[in-house]
Amino acid sequence: MKTKKFYVTTPIYYPNDIPHVGHAYTTIVADVISRFYRLNGYDVFFLTGTDEHGKKIQEAAEKAGKKPKEFVDELIPKFKDAWKKLNINYDRFIRTTDKDHEKIVQEVLQKVYDKGDIYFGKYEGLYCVACERYYTEKELENGNCPIHKRPAILLKEDSYFFRLSKYQKKLLELYKKNPEFIFPESRRNEVISRVKEGLRDFSISRTSFDWGIKLPFDKKHVCYVWFDALLNYYSATKENGYWPADAHLMAKDIVWFHAVYWPAMLMSAGIKFPKRLLVHGYWTFDKEKISKSRGKIINVDELVSLTKNSDSVRYFLLRDIVFGEDGDFSEKALIDRHNGELVNKLGNLISRVSGLIEKYGLEKCENLLAKKMNIKKFNELIKNYEFDKALNEVFSFIDRCNEYVQHKKIWETKNKKVLYELADSIKIIAILLYPFIPESCEKIAKQFNFKINFKELKTPLKISKIQKGEHLFSPVEYKKEDKQKRDKGLQKGDKENLQKNVNNEKINKQVLIHKIMEGIAEVDFSDWQKIDLRVAQIKEVEEIPNADKLWKLKLDVGELGERTICAGIKQFYKKEELINKKIIYFTNLKPRILKGVESQGMLLAATNSDHTKVILISPIDNNAENGMKIS
RNA sequence: AGCGGGGUAGAGCAGCCUGGAGUGCUCGUCGGGCCCAUAACCCGAAGGUCGUGCGGUUCAAAUCCCACCCCCGCUACCA
């Protein structure tokens with residue numbers, strides 16, 4: 001009989017990152033899944049790795065005075081060490097610089113090119129001349145380069161594009177036919193509704209740097225990010241037969257690429273799709289977004305050092321949140337679970353039972369206690385990725401065991417049969433928990449003399465000499481009183497008290513709302529001063545593809561030069577009506593990209609409540625000069 | 001602005017899809033028990049207008065529908 005295969009992946013990580021709680025979570029989940037399926041007799045292949053190409057790496061390497069390959073070679077151990085610390089048992093660590101990967105990427109590129117799904121065009125992006133690089137809207141600060149504080153300009157570059165737009169229908173069919181393709185469902189719905197809005201072709205090559213895989217049909221170009229990166233999943237298993245993947249693990253930020261780009265690429269190349277994308281949320285740290293710049297990053301070393309136990313970290317991350325949703329990591333939360341659940345419940349149970357057995361011994365009997373553990377339910381929960389609930393099942397069984405010791409008063413009765421039931425139950429607990437906390441479970445197995453596999457679950461534990469041994473987990477003291485946190489708590493409490501007082505005094509809610517509204521509506525003069533309004537003249541009016549409400553306007557703002565904005569007035573004003581008109585322009589509104597065009601501010605217009613009427617505001621006197629300030 | 005997620009006891013959550021007494025979990029608080037165990041473990045108690053609407057559907061709403069308020073996230077050629 002052929003054993004069933006199971007192939008699970010993590011995303012490949014950017015090697016210049018420090019492995020932090022987010023990376024750790026994804027990778028641990030993949031490890032838990034792979035260990036679980038292995039225990040169940042599947043032939044598992046577990047892939048992780050790094051994404052090593054691209055301009056950023058090239059630049060970082062130059063800065064360090066190294067060749068890119070040399071540079072990344074030095075970064076890889078950081079990830080491998082992190083995974084070792086967390087007991088991640090992967091089968092291959094793929095690097096996009098691996099020769100077999102590069103070869104396969106080129107093969108696929110050629111296939112897709114031959115099919116006519118790649119065409120030559122121009123890439124347009126926001127470019128800082130001083131840095132000689134493109135920035136994304138997010139990276140820019142008010143449209144300015146974060147380093148040079150000067151505006152980024154729109155620049156064009158030769159590039160090859162992948163015809164993503166061609167695959168809209170086929171993708172929608174894929175989602176419809178395979179509802180399980182994207183998990184959880186909310187993500188699936190999100191993707192579907194966005195794909196329905198239409199797809200834009202995406203650029204797959206660059207000529208502005210050369211640290212990447214060369215396009216087989218044009219050696220001047222190197223393959224750019226996603227096309228190269230996504231293919232790792234396929235290239236790692238093309239030869240060994242594990243493809244298609246059963247589960248791609250990832251955080252929600254890269255769902256779009258995996259749910260849209262990836263299957264479209266595979267369709268084009270005539271390759272089978274992966275079966276499932278497992279999408280999880282973000283981890284915050286003390287309720288704040290994890291970011292390097294704000295110093296809110298918690299790396300794997302720190303993570304493990306908090307409880308000095310990698311199993312605690314693995315346990316915490318899987319137990320604390322519902323898979324798919326966002327979670328908050330805090331030292332206190334980790335330590336609370338470590339002490340409360342691992343030390344006091346599991347550790348203590350092992351300790352007291354092994355101690356009693358050492359003193360009184362065992363006598364075989366039927367394990368009635370085991371009926372309280374629903375193994376079938378546990379398995380179902382894991383197969384549905386409900387790790388928190390699965391762990392809860394085991395931990396309530398641990399509670400039942402602790403209760404059993406208590407109620408049976410073993411220290412008085414010295415009942416060897418009851419002790420046997422407990423020992424056999426501990427065997428069950430350790431086997432079930434093994435995918436989550438492998439190191440501790442192996443210790444238990446050694447202490448109680450059984451093997452960790454699913455067959456042993458049903459095989460009664462054989463009698464052997466059991467000794468008390470060392471503690472599985474040591475309690476950790478949580479010391480620091482975070483001032484900030486206390487302050488936050490106070491504020492929150494105050495707000496609630498206020499609300500309660502308000503209710504008690506039975507103030508008319510309408511009056512209250514009115515008062516609040518007034519408070520919000522009041523603006524300090526200093527707030528007003530932040531707003532820069534100017535007279536501007538409309539110089540050009542252009543269409544934007546696929547935009548039925550927007551005009552792209554070029555404005556002459558006098559001393560501020562020329563600016564481009566997108567204005568939602570297409571339905572109200574014709575081109576001719578706008579050209580050369582003087583308007584009032586809000587210059588320092590945060591720029592944003594609308595339909596692919598950066599809008600650097602907005603114009604002022606009057607509008608009625610349902611927005612069916614829009615009237616431009618214009619200086620009453622036509623000799624108002626461009627760039628004049630409104631104050 | 002659009003889309004998604006959330007608002008349940010002092011704190012953190014689950015329950016909602018598939019309606020059935022506010023059910024459950026963890027921490028904290030209070031009382032008791034036990035002495036095998038890592039100051040652990042066991043039993044019990046207090047504590048909630050389930051964001052708002054005396055909103056709608058229903059015999060029945062935390063759960064389904066509608067409106068509103070507040071928080072958080074995402075908005076694609078970015079690792």
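Every heavy atom of this structure was used, including side-chain atoms; hydrogens, water molecules and symmetry mates were not.
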For a quick test of reading the model, state the closest non-hydrogen atom pair linking A/Thr48 to A/Pro11 and the distance between them. OG1-O, 4.1 Å

The side chain of A/Phe161 is closest to which nucleotide in this list: B/C77, B/U26, B/A76? B/C77

Name the nucleic acid region contacted by A/Tyr261, choosing base, sugar-phosphate or nothing; use a 4.0 angstrom heavy-atom cut-off, strictly under. sugar-phosphate

Parallel, tilted or perpendicular: which one describes the rings of A/Phe395 and A/Tyr315, with boundaries at 30° and 60°? tilted

Taking only Watson-Crick and G-U wobble pairs with both distances under 3.5 Å, what dot-bracket line describes RNA chain B, where [ ] shows pairs that cross earlier ones and | shows pairs with another strand? ((((((((.[[[[[)....(..]]]]].(((((.......))))).....[[[.[[..)....]]]]])))))))....

Determine the Euclidean distance between corresponding C1' atoms of B/A61 and B/C16; express it in Å to zero decimal places. 10 Å

Contacts of A/Tyr233 that satisfy side chain to side chain donor-acceptor pair (under 3.5 Å) - sequence neighbours left out: A/His258

Under 4.0 angstrom, heavy atoms only, what part of the nucleic acid is A/Asn344 near: base, sugar-phosphate, or nothing? sugar-phosphate

Can you tell me if the side-chain N/O atoms of A/Arg400 get under 4.0 Å from OP1 or OP2 in B/C41? no

With a 3.5 Å cut-off and just heavy-atom distances, do the side chain of A/Glu403 and the base of B/C43 make a donor-acceptor pair? no

Please work out if A/Leu472 contacts a base, only the sugar-phosphate, or nothing of the nucleic acid, heavy-atom cut-off 4.0 Å. base

Give each protein N/O atom lying under 3.5 Å from an N/O atom of nucleotides 3-9 of chain B, with the pair distance.
| from | atom 1 | to | atom 2 | distance (Å) |
| --- | --- | --- | --- | --- |
| B/G4 | O2' | A/Glu190 | OE1 | 3.4 |

How about CD on A/Glu470, more than 12 heavy atoms from neighbouring residues, nucleotides or ligands closer than 6.0 Å, or not? no

Contact nearer the 5' end of RNA chain B, comparing A/Asn402 with A/Ser351: A/Ser351

Within the 4.0 Å heavy-atom criterion, would you say A/Phe395 contacts the bases, only the backbone, or no part of the nucleic acid? nothing

Looking at every strand, decide which applies to A/Gly347 at a 4.0 Å heavy-atom threshold: base, sugar-phosphate, or nothing. base

Fit a plane to each ring of A/His23 and A/Phe79, take the angle between them on a 0 to 90° scale, and name the class: parallel (under 30°), tilted (30 to 60°) or perpendicular (over 60°). perpendicular

For the base of B/C36 and the side-chain ring of A/Trp411, does the geometry meet a stacking cutoff of under 5.5 Å between centres and under 30° between planes? yes

What's A/Ile410 touching, base or sugar-phosphate or nothing? Going by heavy atoms closer than 4.0 Å. nothing

Counting only side-chain nitrogens and oxygens, does A/Lys332 get under 4.0 Å of the OP1 or OP2 atom of B/G12? no

At 4.0 Å (heavy atoms only), tell me whether A/Val353 reaches a base, stays on the sugar-phosphate, or touches nothing. nothing

According to side chain to side chain contact (heavy atoms under 4.5 Å, CB included), who are the partners of A/Glu363, at least two apart in sequence or on a separate chain? A/Lys416, A/Lys417

Residues two or more places apart in sequence or in another chain: which of them pass side chain to side chain donor-acceptor pair (under 3.5 Å) with A/Asn309? none

Looking only at B/C43, B/A14, B/A79, the nucleotide nearest the A/Lys56 side chain is B/A79

Using the side-chain heavy atoms of A/Arg200, tell me which of these nucleotides is nearest: B/C77, B/C42, B/C36. B/C77

With A/Lys308, which residues qualify under side chain to side chain donor-acceptor pair (under 3.5 Å), at least two apart? none

Is the base of B/C54 syn or anti, if syn means a glycosidic angle within 90° of 0? syn

Do any side-chain nitrogens or oxygens of A/Lys414 fall under 4.0 Å of OP1 or OP2 in B/C36? no

What nucleotide, of B/A14, B/U38, B/C36, holds the atom closest to the side chain of A/Val343? B/U38

For the pair made of NE2 in A/His407 and C1' in B/C43, what is the distance, rounded to whole Å? 7 Å

Tell me which of A/Pro475 and A/Leu199 sits closer to the 5' end of RNA chain B, going by the nucleotide each one is nearest to. A/Pro475

B/G28 and B/C64: how far apart are their C1' atoms, nearest whole angstrom? 35 Å

Is a side-chain donor-acceptor pair under 3.5 Å present for A/Thr26 with A/Thr10? no

What's the shortest heavy-atom distance between A/Glu393 and A/Lys377, and which atoms? OE2-NZ, 3.0 Å

I want to verify a distance call: between B/A76, B/A79, B/U38, whose nearest atom is closest to the A/Phe473 side chain? B/U38

Among the nucleotides B/C42, B/C77, B/C41, which one has an atom lying closest to any side-chain atom of A/Asn348? B/C41

Heavy atoms from other residues, nucleotides or ligands near NZ of A/Lys408 exceed 12 (cutoff 6.0 Å): no

Atom C1', compared across B/G48 and B/C42: separation rounded to whole Å: 27 Å

